[in-house]
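Written out below as structure tokens is the structure these notes cover.
All heavy atoms count here, side chains included; hydrogens, waters and symmetry mates do not. Residue numbers run from 1 in the order of the sequence given. Note that the structure is a prediction, hence the values are computed from the model and not measured.
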Amino acid sequence: MKIRKKISYKKLWLMLVEKEISPVELRKDLNIATGTMTKLRRNEEVALSVLLRICEYLDCNIGDICDAISVEDFEK
């Protein structure tokens, strides 16, 4: 077993709730592809340019919308 890092967008979803912005509104306002939104929901990697556009839209820093979290990876 080894520990590796994975991205988490939990902070993004919490911030959207706080600012009363729906994920659909975010997607439409920033013209984010539906596939990219799916990646965000699944905590998968998305382009840094997309994250920076989200930060500009929400007037925040990148650390305010995502975290690198440790996960245990069971080797096969």
Requested in this report: Evaluate the criterion side-chain contact (heavy atoms from CB on, under 4.5 Å) for residue pair Lys5 and Ser70; output intermediate values, then yes/no.
Outcome: CA-CA 5 Å; Lys5 292 290 186 180; Ser70 297; 3.0 Å; yes

I'd like a table of donor-acceptor pairs (distance under 3.5 Å, sequence neighbours excluded) in which one partner is a side-chain atom from residues 37-64, with atom names and distances.
unit_1 : atom_1 : unit_2 : atom_2 : d
Thr38  : OG1    : Thr34  : O      : 3.1
Asn43  : OD1    : Tyr9   : N      : 2.9
Arg53  : NH2    : Leu30  : O      : 2.3
Tyr57  : OH     : Asp29  : OD2    : 2.5
Asp64  : OD2    : Asn61  : N      : 2.9

Query raised in the report: Excluding sequence neighbours, so at least two apart, what forms side chain to side chain donor-acceptor pair (under 3.5 Å) with Lys28?
Result: none

Query raised in the report: Any side chain to side chain donor-acceptor pair (under 3.5 Å) pairs touching residues 13-26, not counting sequence neighbours?
Result: none

Report summary line: Sorted by chain and residue number, the salt bridge (Lys or Arg N to Asp or Glu O under 4.0 Å) partners of Lys11 (sequence neighbours excluded) come out as Asp67

**Report entry** ILVMFWY cluster membership beyond Ile3 - transitive side-chain contacts under 4.5 angstrom
**Finding:** none

**Report entry** Point-to-point distance, once rounded to the nearest 0.5 Å, from CD1 of Ile69 to NZ of Lys6
**Finding:** 6.5 Å

